[in-house]
Number of protein chains: 2
Amino acid sequence: MAVTMKEIAEITGVSKATVSKIINGRDRYISEETRKKVLGCITQMGYVPNAMARGLKVKKTRMIGFILPDISNPFFPEIAKGIEDKAKKEGFGVVICNTDDRAEAEYQSFQFLFAQQVDGIIFTRALRRANMDKVFESGIPIVVVDREVNTKQLGFGQIFIDTRQGIKESTNLLIQAGCEKIAYISAQYHSEYDRYSGYVEAMQEAGRQVQAELVYKNQYNVDTGYEGINKILETNKVDGVVCGNDLIAIGVIRALSERGIKIPDQVKIMGFDDMYFSQYMVPPLSTIKQPAYEMGAQAAEMLIDNILYQKPLAKKKLNFTICMRGTV
Amino acid sequence: MAVTMKEIAEITGVSKATVSKIINGRDRYISEETRKKVLGCITQMGYVPNAMARGLKVKKTRMIGFILPDISNPFFPEIAKGIEDKAKKEGFGVVICNTDDRAEAEYQSFQFLFAQQVDGIIFTRALRRANMDKVFESGIPIVVVDREVNTKQLGFGQIFIDTRQGIKESTNLLIQAGCEKIAYISAQYHSEYDRYSGYVEAMQEAGRQVQAELVYKNQYNVDTGYEGINKILETNKVDGVVCGNDLIAIGVIRALSERGIKIPDQVKIMGFDDMYFSQYMVPPLSTIKQPAYEMGAQAAEMLIDNILYQKPLAKKKLNFTICMRGTV
DNA sequence: TTAGTATAGGTAATCGATTGCCTATAAATA
DNA sequence: TATTTATAGGCAATCGATTACCTATACTAA
């Protein structure tokens, strides 16, 4: 169906080799005349080289994969944008795989990306250690974004922020603001561990006790915030809420406003991530900003530098920022 | 680097053909013994068939492309999710290309997807007619999502809602709610035309005049809403705002709340799209809901049915829903 | 006994682009 | 004039999987 290199060669009366050389800029020994003729034919026929055939031969596809847990959580598209922008600049395409936070889908995504022979993979939210080792053995460069992975396994890169410290400061901010009963609402994934320990540490260092009934964990979405705070308020009073991400905070704000509870006067709220419209919430959300776009961009840069120039993959820590706005 | 079919064949002492047949289920004339042996070797070696080699030979890649204008607008990830879910069910992968609403990037995305030999493409936000024709000539099945494309060109599918009617009803709702001075804030893309005419029609049918100084168009994002309403309020008073999408509405709400203007008492606001957390805004946003997930799912279904069973691509109109919440 | 057929699996061409190596001419140098 | 060398471009193997077609054996039916 599509035009092939062979056809271009036949029409212009040269060999496939010549066409290939022209396309790939190995045209040192190609006359200007043939070059023009071939290039003209290519645009005229709308010829686009078959990336599969090329990939098969040169074993480089100029594609990188990005595995994310939930594309409807705006934090991840922001990372994706960072990745895409960087990738596009280097002539790489990005294949995005959504896993819905299911380990099985994560595994399938890897299989799929391997099959597609992507040159590298960026992924967020780690599998359990066991599965990860298997994946890292594949030899394909991998950069993990969004959390520190504790594994001896080397040979993969990391872009992360200290989420434990982030949540710790978030909690401290609430403590300093005078909150007495501070709830914690978040998700329950593997990646949650760091966050929760930040909360626990902050509480303990302030001499507070962590009360199980003030903790609710489900998923990183709005519903969790909404359900969580309602559940907690059934049996408890709170005057501060540490949220595992901004979506949860939105749910909390919604539930509180339905109950006529004033924010931040009666209850103070800290989010996490800083989705780009969190600042536009009413009241604007106080949160810990993860530099999502930057994380994506740096991950892509590290990965592509490794693919193209064998620069080693590294561990790179980016800083979070505290954004105090209207909810604390 | 990666294990190949040839290696599997050598290890198990059969031919490549046999391995291939087993993988693809053409194992009618394969003994249970060999089948087990080969399958065992495959899992043990972690063999994943090279999708490029297969794609090159069978001219089917089981990949579809999705071109979207702005991945950080939550409306599109929602569509993407609908596409992905459907696609995954049928064993298709999805390549997402973000264009930042730049026509050039849109064109490049098509080129890229052609090169990748995707089996079909779903895209939102149309190029100008001229460029589209070129693309449709490629022979690859295409489904356009999100707006009606007026072109004689056949052979591509459409999933759309009547955005003109949607905005018209949105405007009428404001008129019925007693608004006298109704502003319109939206984007200025090609795809905007329908929306704006909905506003104009509603105004005219109600005997109102469209005042240019109450109209602001820039982009479908929060900033546009924020800037737009502030600009308008410099010289005018308004008591109703029709927004081109929910992000714009969020920006408007923010700006108004900064000015201490009460919503909906002093100004009423209608959004458009219904992003999944719009209902959680404070006050919850009244909006016209586009069934984003459903649009994605149906687009993918139509496309895959065409790819797999040559079912013709059709024009399909989905219905919007009016969601009256707290801003009108 | 022999032709026919079901079973099991192998051979080799093919998909489209790349690339090391070869040929042929022209120009430069000895 | 003879020999390099630069220029221009072609040949054919190759990447990994698929598949039409072929071979060989075992079993059936006539």
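From a predicted model like this one, the values you see are computed outputs, not experimental measurements. The basis for the numbers below is simple: all heavy atoms, side chains too, and nothing from hydrogens, waters or symmetry mates.
Axis orientation changes by 50° from one end of the helix from dT1(C)-dA30(D) to dA30(C)-dT1(D) to the other, with each end axis drawn from 5 pairs and the value rounded to 10°.
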Under-3.5 Å N/O pairs linking protein and nucleotides 26-28 of chain C:
none

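Both Met52(B) and Arg26(B) lie close to DNA chain D; mapped to their nearest nucleotides by heavy-atom distance, the more 5′-ward contact belongs to Met52(B). Nearest-nucleotide assignment on DNA chain C puts the 5′-proximal partner with Thr34(B), out of Thr34(B) and Ala53(B).
Across all non-hydrogen atoms, the minimal contact from Leu68(A) to Asn98(A) is CD1-OD1, 3.2 Å. The nearest pair of heavy atoms linking Phe112(A) to Gly93(B) is CZ-CA, 3.5 Å. Contact detail for Val94(B) and Ala87(B): the closest heavy-atom pair is CG2-CB, 3.7 Å.
Applying the side-chain hydrogen bond (donor to acceptor under 3.5 Å, both in side chains) test to Tyr293(A) and every residue at least two apart in sequence or in another chain returns Asp85(A). Scanning for side chain to side chain contact (heavy atoms under 4.5 Å, CB included) contacts around Thr18(B) gives Val14(B), Ser15(B), Ile22(B), Ile30(B), with sequence neighbours left out. Residues satisfying the side chain to side chain contact (heavy atoms under 4.5 Å, CB included) criterion with Ala300(A), sequence neighbours excluded, are Ile83(A), Lys86(A), Ile122(A). For Lys60(A), the side-chain hydrogen bond (donor to acceptor under 3.5 Å, both in side chains) test picks out no residue, with sequence neighbours left out. With sequence neighbours left out, the side chain to side chain contact (heavy atoms under 4.5 Å, CB included) criterion links Lys36(A) to Glu32(A). For Asp70(B), the salt bridge (charged side-chain N to carboxylate O under 4.0 Å, His left out) partners are Lys81(A), not counting sequence neighbours.
Across residues 11-23 of chain B, Lys16(B), Ala17(B), Ser20(B) each have a non-hydrogen atom less than 4.0 Å from an atom of DNA chain D (numbered order). Of the residues in residues 36-45 of chain A, not one places a heavy atom less than 4.0 Å from an atom of DNA chain D.
Between the CG atom of Asp27(A) and the C1' atom of dT7(D) there is a distance of 13 Å, rounded to whole Å. Atom NZ of Lys6(B) and atom P of dC15(D) are 7 Å apart (whole Å). Look at CE on Met5(A): it is 19 Å from P on dT14(C), rounded to the nearest Å. Put simply, NZ on Lys57(B) is 15 Å from C1' on dT14(D), counting in whole angstrom units. Atom NZ in Lys60(A) sits roughly 16 Å away from atom C1' in dA17(C) (whole-Å rounding). The CG-C1' distance, from Leu56(B) to dT14(C), rounds to 9 Å in whole Å. Regarding Glu7(A), its CD atom lies at a distance of 14 Å from the C1' atom of dA17(C), rounded to whole Å. In this structure, the CG atom of Asn50(A) is 8 Å from the C1' atom of dC15(C), given to the nearest Å.
Using a 4.0 Å cut-off, no side-chain N or O of Tyr29(B) falls inside it from OP1 or OP2 of dA8(C).
Side-chain proximity of Thr4(B) to the nucleotides dA17(C), dT19(D), dG16(D) is greatest for dG16(D). In the set dT18(D), dA17(C), dG9(D), dT18(D) carries the atom at the smallest distance from any side-chain atom of Val58(B). Looking at the side chain of Ser31(B), the nearest of the listed nucleotides dA17(D), dG9(C), dT18(C) is dG9(C).
Among residues at least two apart or in separate chains, side chain to side chain donor-acceptor pair (under 3.5 Å) pairs with a member in residues 108-118 of chain B are Glu104(B)-Gln108(B). Applying the salt bridge (charged side-chain N to carboxylate O under 4.0 Å, His left out) definition to pairs two or more places apart or across chains, those involving residues 88-99 of chain A are Glu84(A)-Lys88(A).
Using a 3.5 Å distance cut-off with no hydrogens or angles, the side chains of Tyr47(A) and Glu7(A) do not pair a donor with an acceptor.
When side chains are defined from C-beta on, Phe160(B) counts as touching Lys317(B), because their heavy atoms get closer than 4.5 Å.
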Determine, step by step, whether Phe123(B) and Phe110(B) satisfy the ring pair (Phe, Tyr, Trp, His ring centres under 6.0 Å) criterion, reporting the C-alpha distance in whole Å, the side-chain angles of both residues, the deciding distance to 0.1 Å, and the verdict.
-> CA-CA 10 Å; Phe123(B) 84 119; Phe110(B) 272 107; 5.1 Å; yes
